[in-house]
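Here the structure comes first, spelled out in structure tokens, and everything after it is commentary.
Residue numbers begin at 1 in each chain, while the letters A, B, ... track the order of the sequences.
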2 protein chains.
Amino acid sequence: MSKLDQFIDKCKHHHLKITPQRIVIFKSLMNSKEHPSAEMIHKKVKKEFPSISLDTVCRTLTIFTEIGIVHTAEGHGDPKRFDPNLEPHHHFYCLGCGRLTDFYSETLDQVKIPDEIKQRFNIVHKRLVLNGYCEKCIKK
Amino acid sequence: MSKLDQFIDKCKHHHLKITPQRIVIFKSLMNSKEHPSAEMIHKKVKKEFPSISLDTVCRTLTIFTEIGIVHTAEGHGDPKRFDPNLEPHHHFYCLGCGRLTDFYSETLDQVKIPDEIKQRFNIVHKRLVLNGYCEKCIKK
DNA sequence: ATGTTTGCAAATAGTTTGCATCCAG
DNA sequence: CTGGATGCAAACTATTTGCAAACAT
């Protein structure tokens with residue numbers, strides 16, 4: 001079963017209509033090796049589907065995230081947040097309400113970063129980031 | 001030496017003037033147990049310093065981030081980014097240019113999440129996130 | 001047929017920039 | 001005094017929402 005067929009099944013399962021816009025956005029995502037923004041996707045799909053609007057791309061990406069076709073990377077679109085806690089710690093980010101919760105774990109603080117990465121980049125800060133839903137948002 | 005004195009030293013070291021606005025923002029950050037946005041800080045400091053503008057808060061927070069007084073949390077203010085790569089992987093985020101780089105490590109994939117966190121939250125996704133500077137941005 | 005989806009336009013949100021004034025050093 | 005910092009206004013970027021028309025089922 002092709003990826004596209006799997007995608008169509010998933011849409012049907014969630015009672016989503018299979019529109020040409022959704023298909024073209026899906027294909028673009030599957031060909032992407034990057035971490036595209038809505039606007040980057042829009043530019044790419046416009047070549048194949050010139051009449052598509054940026055809004056449709058935004059909406060479709062939100063839906064795709066909800067049904068697990070893509071994930072969001074760091075940068076959730078909400079305002080920039082600052083962290084005055086300079087102690088080593090880790091974050092849980094609630095996908096429902098956006099709340100960030102700190103947690104601590106010496107084991108996690110000590111996880112090794114692959115040498116290849118240490119060599120290529122100047123690392124200022126490391127942190128385990130969990131995405132999910134907090135108690136309040138599970139209930140809804 | 002108090003935190004405030006350390007802060008003043010740090011400012012001097014970076015040739016930054018000690019203005020009442022900067023002091024009041026610094027104090028507000030030190031009292032914060034959260035991950036405030038610029039606007040949240042602005043609301044808080046306005047009580048103590050009513051004439052302060054949101055721009056000053058934004059600018060000051062940017063400066064504070066540069067000199068290491070605060071970190072940025074996930075959510076860097078740039079556009080929302082999507083990740084079509086659903087394989088377990090980790091991210092390096094360049095603080096200079098915003099580029100996200102994937103990397104893989106089975107050891108990291110298997111890091112244990114503290115039970116306390118697993119119980120409190122419904123975790124969809126976990127990822128190690130590194131912040132730092134890529135080759136290109138180091139040169140600048 | 002009918003209810004979802006689309007595209008447009010307008011609204012909203014958050015941040016940045018230019019510039020004149022002000023103030024810390 | 002003097003250059004950096006501030007506050008205001010405007011510009012800018014990214015996203016969301018309301019609505020009529022279009023389309024998938």
Side-chain angles (χ1 to χ4, degrees), chain A residues 4 7-26 35-46 48-67 69-70 72-82 95 97-98, chain B residues 4 7-26 28 35-46 48-67 69-70 72-82 95-98:
Chain A
L4 188 58
F7 163 69
I8 289 173
D9 264 23
K10 203 157 201 174
C11 283
K12 284 184 183 162
H13 182 254
H14 287 273
H15 309 290
L16 294 171
K17 295 188 175 173
I18 320 296
T19 64
Q21 289 90 336
R22 282 177 181 163
I23 289 176
V24 84
I25 292 170
F26 175 76
H35 305 84
S37 64
E39 192 149 8
M40 284 159 75
I41 301 275
H42 183 230
K43 268 186 193 162
K44 273 172 64 181
V45 297
K46 241 178 131 59
E48 201 173 329
F49 199 113
S51 68
I52 200 169
S53 75
L54 177 57
D55 324 54
T56 299
V57 176
C58 282
R59 271 186 293 223
T60 303
L61 288 170
T62 305
I63 292 170
F64 283 6
T65 307
E66 281 164 6
I67 66 174
I69 287 173
V70 283
T72 52
E74 298 70 53
H76 303 276
D78 26 49
K80 198 188 281 181
R81 306 269 269 294
F82 298 88
L95 296 166
C97 62
Chain B
L4 188 60
F7 163 69
I8 290 172
D9 264 23
K10 202 157 201 174
C11 283
K12 284 185 182 161
H13 182 256
H14 288 271
H15 308 288
L16 295 170
K17 295 187 176 173
I18 320 295
T19 65
Q21 288 91 335
R22 283 177 181 164
I23 289 176
V24 84
I25 292 169
F26 175 76
S28 167
H35 306 85
S37 64
E39 193 149 5
M40 284 159 75
I41 299 276
H42 183 230
K43 267 186 194 162
K44 273 173 66 181
V45 297
K46 240 177 133 58
E48 200 173 332
F49 200 113
S51 67
I52 200 169
S53 74
L54 177 57
D55 324 56
T56 300
V57 176
C58 283
R59 272 185 293 223
T60 304
L61 288 170
T62 305
I63 293 169
F64 283 6
T65 306
E66 282 164 5
I67 67 174
I69 287 172
V70 283
T72 52
E74 299 69 53
H76 302 278
D78 26 48
K80 197 189 282 182
R81 306 268 270 293
F82 298 88
L95 296 166
C97 61

[X] and [Y]: which non-hydrogen atoms are nearest, and at how many Å?
{"X": "B/A38", "Y": "B/L61", "result": "CA-CD1, 3.7 Å"}
{"X": "B/V45", "Y": "B/S28", "result": "CG1-CB, 3.7 Å"}
{"X": "B/R22", "Y": "B/F7", "result": "O-CZ, 3.9 Å"}
{"X": "A/H76", "Y": "A/T72", "result": "ND1-OG1, 3.9 Å"}

Just the rounded figure in Å: distance from [atom2] of [N] to [atom1] of [X].
{"X": "B/F82", "N": "D/dT15", "atom1": "CZ", "atom2": "C1'", "value": "10 Å"}
{"X": "B/F49", "N": "D/dA5", "atom1": "CZ", "atom2": "C1'", "value": "11 Å"}
{"X": "B/R81", "N": "D/dT13", "atom1": "CZ", "atom2": "C1'", "value": "15 Å"}
{"X": "A/H76", "N": "D/dT15", "atom1": "NE2", "atom2": "C1'", "value": "16 Å"}
{"X": "B/I63", "N": "D/dA5", "atom1": "CD1", "atom2": "C1'", "value": "8 Å"}
{"X": "B/I23", "N": "D/dA5", "atom1": "CD1", "atom2": "C1'", "value": "14 Å"}
{"X": "A/D55", "N": "D/dA14", "atom1": "CG", "atom2": "C1'", "value": "11 Å"}
{"X": "A/K43", "N": "D/dA14", "atom1": "NZ", "atom2": "C1'", "value": "13 Å"}

Compare side-chain N and O positions of [X] against OP1 and OP2 of [N] and report whether any pair is under 4.0 Å apart.
{"X": "B/T56", "N": "D/dT6", "answer": "no"}
{"X": "A/R59", "N": "D/dT16", "answer": "no"}
{"X": "B/S51", "N": "D/dG7", "answer": "yes"}

Next item on the list: Name all residues meeting the side chain to side chain donor-acceptor pair (under 3.5 Å) criterion together with A/D9; count only those two or more places apart in sequence or in a different chain, and write none if there are none.
Entry: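 For A/D9 there are no side chain to side chain donor-acceptor pair (under 3.5 Å) partners, ignoring immediate neighbours.
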
Notebook entry, point to check: Got a sec, which residues hit side chain to side chain donor-acceptor pair (under 3.5 Å) with B/S53, two or more places apart in sequence or on another chain?
Noted result: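 For B/S53, the residues satisfying side chain to side chain donor-acceptor pair (under 3.5 Å) (neighbours in sequence not counted) are B/D55, B/T56.
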
Checklist line | Relative orientation of the end axes in the helix from C/dA1-D/dT25 to C/dG25-D/dC1, expressed as an angle to the nearest 10° (five pairs per end) | finding: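 The end-segment axes of the helix from C/dA1-D/dT25 to C/dG25-D/dC1 are tilted 40° relative to each other.
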
Item checked: 5′-ward residue of the pair B/G77/B/L16 relative to DNA chain D ->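 Result: B/L16.
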
Check: Is A/R81 reaching over with its side chain to a backbone N or O of B/H35, donor-acceptor style, under 3.5 angstrom?
Finding: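 Side chain of A/R81 to backbone of B/H35: a pair is present.
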
Checklist line | Check: B/H42 side chain, B/L54 main-chain N or O, donor-acceptor pair, under 3.5 Å | finding: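 Checking the backbone N and O of B/L54 against the side chain of B/H42, a donor-acceptor pair under 3.5 Å is found.
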
Check: Hey, where on DNA chain C does chain B first and last touch, going 5' to 3'? Cut-off is any atom under 4.0 Å from a heavy atom.
Finding: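 On DNA chain C, the outermost contacted nucleotides are C/dG14 to C/dG25.
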
Next item on the list: Could you tell me whether the side chain of B/I67 reaches within less than 4.5 Å of the side chain of B/L16, counting heavy atoms only?
Entry: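 Side chain of B/L16 against side chain of B/I67, heavy atoms only: contact under 4.5 Å found.
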
Notebook entry, point to check: Going through the checks in order, is the side-chain contact (heavy atoms from CB on, under 4.5 Å) test met by B/F26 and B/T60?
Noted result: CA-CA 9 Å; B/F26 175 76; B/T60 304; over 6 Å; no

Would you tabulate the nitrogen or oxygen pairs shorter than 3.5 Å linking the protein to nucleotides 20-24 of chain D?
from: D/dA24; atom 1: N3; to: A/K17; atom 2: NZ; distance (Å): 3.3

Check: side-chain contact (heavy atoms from CB on, under 4.5 Å) between A/F82 and B/I41: does it pass, once the steps are laid out?
Finding: CA-CA 10 Å; A/F82 298 88; B/I41 299 276; 5.7 Å; no

Next item on the list: Kindly state each residue pair satisfying side chain to side chain donor-acceptor pair (under 3.5 Å) with at least one member in residues 10-20 of chain B, sequence neighbours excluded.
Entry: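 Of all non-adjacent pairs touching residues 10-20 of chain B, none passes side chain to side chain donor-acceptor pair (under 3.5 Å).
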
